[in-house]
Every structure is written in C-alpha cells, then in structure tokens.
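Take a look at the structure below.
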Amino acid sequence: MGKEPDINHRIWQVVALIPAGRVATYGDVAHMADLPGAARRVGAALRVLPSGSKVPWHRVINAQGRLSLPEGSDGYYTQRERLEAEGVLFSVKNTINLRQFRLSRGR
DNA sequence: AATGTGACTACCC
DNA sequence: AGGGTAGCCACAT
C-alpha cells in the first residue's frame, strides 16, 4: 500500500492534532502531512470537510496571520468566533500574532 | 496529455 | 506597508 488512498483524510488527521488555543498555517499542516509545498491542497481538503465534523478546521490560518476565508462571509465569522472563544487574540488589523499562537514545528 | 483552479507562499517592487 | 506576480502542488475537466 505505497499509495495514499485519501490525502484529505491524512490532512484532517493532522489538523485534529492542533490543540485548542493554538493555530497552524496551511503550510505547516501541509508539511506535517508530508506534503511540503502543498499548502493550497490543505485549503481544498478543509473546504470539502463534511459539516458537523469534529475536525478543528478553524485553527488553520494563512502565513500572514489572517483568516483566508473572505472577510464578511459566514465562514469568516464562524472561524473568528471559535478562535476567540479559545483565547486566540486578534489585533485591530484582524491578524493573529503567530509568534504567540502558532504551533511550533519540529523541536 | 493539456489546461484551469485555488481556505497558499515567498518575492519583488 | 501593501498590492501584484510568479511559483507550487494535487485535482478536476
């Protein structure tokens, strides 16, 4: 079984490892899922996540510390509310301080 | 096989 | 600082 039957599943599994109150970038998740450079693929996997799933997709943000969902969309506010409920702070410019909340890689 | 897409990134002005 | 651009990767047509 050298071939992965379901990349999405592997990505979701990695996302499930992000603890509450912390975030990871799409690039981080791609790297952790053994798909270095495939950050966009991570977004695609989250996009098709079944609603009602327990996977904490809201903890995945972009490398600029911003939410990638269109500002003003339902998804944007859902993500933001969930993060704030977990204690993740947003600056007045709607950015998250990665130094403080990003899950460190490696170590 | 070729082309188009995107919840991304790193660079370059 | 902020917007434009060109890579990038796996998928869908």
Side-chain angles (χ1 to χ4, degrees):
Chain A
M1 337 229 312
K3 198 169 177 182
E4 297 302 335
D6 194 354
I7 300 290
N8 285 343
H9 201 283
R10 200 166 78 225
I11 290 174
W12 298 336
Q13 194 142 306
V14 167
V15 173
L17 297 177
I18 308 170
R22 309 301 297 279
V23 300
T25 68
Y26 293 93
D28 289 340
V29 174
H31 202 279
M32 290 160 66
D34 253 320
L35 291 166
R40 309 186 77 144
R41 183 66 188 75
V42 173
L46 296 185
R47 193 176 72 70
V48 299
L49 196 57
S51 58
S53 163
K54 293 184 177 65
V55 176
W57 56 270
H58 59 280
R59 297 180 190 146
V60 183
I61 67 178
N62 64 40
Q64 307 169 61
R66 310 173 116 293
L67 308 190
S68 284
L69 289 168
E71 199 166 339
S73 65
D74 289 348
Y76 180 92
Y77 284 110
T78 298
Q79 181 170 19
R80 178 154 181 160
E81 283 176 11
R82 289 191 186 181
L83 286 172
E84 291 184 325
E86 295 179 351
V88 175
L89 276 31
F90 283 74
S91 73
V92 291
K93 290 168 61 179
N94 301 325
T95 66
I96 292 170
N97 186 327
L98 293 178
R99 296 277 204 176
Q100 182 175 7
F101 298 105
R102 187 188 206 173
L103 199 53
S104 46
R105 284 183 275 173
R107 204 144 317 223

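Proteins come first, then strands; the chains are lettered A, B, ... in the order of their sequence lines, and each starts at number 1. These numbers come from a predicted model, not from an experiment.
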How close or far is atom P of dC8(B) from atom CG of L46(A), stated in whole angstroms?
10 Å

Test item: side-chain donor near acceptor, H58(A) and E86(A), under 3.5 Å:
yes

Nucleotide nearest A38(A) when distance is taken to its side chain, options dT9(B), dA7(B), dC9(C):
dC9(C)

In terms of side-chain heavy atoms of R40(A), which of dG2(C), dG7(C), dA7(B) is nearest?
dG7(C)

Listed nucleotide nearest any side-chain atom of A63(A), set dC11(C), dA7(B), dT9(B)
dT9(B)

To the nearest angstrom, how far is Q64(A) atom CD from dG4(C) atom C1'?
13 Å

Whole Å only: how far is the CZ atom of R41(A) from the P atom of dC8(B)?
13 Å

Which residue, D28(A), L67(A), I18(A), V55(A), forms the side chain to side chain contact (heavy atoms under 4.5 Å, CB included) with V60(A)?
I18(A)

Base, sugar-phosphate or nothing for L67(A)? Non-hydrogen atoms, less than 4.0 Å.
nothing

Checking R80(A) against F90(A): charged group under 6.0 Å from the ring centre and within 45 degrees of the axis?
yes

Whole Å only: how far is the CD1 atom of I61(A) from the C1' atom of dC8(B)?
13 Å

Within-4.5 Å side-chain heavy-atom neighbours: I11(A) and L35(A)
yes

Round to a whole Å and report the spacing from CG of N62(A) to C1' of dA7(B).
9 Å

Integer-rounded Å distance: dA10(C) C1' and R47(A) CZ:
14 Å

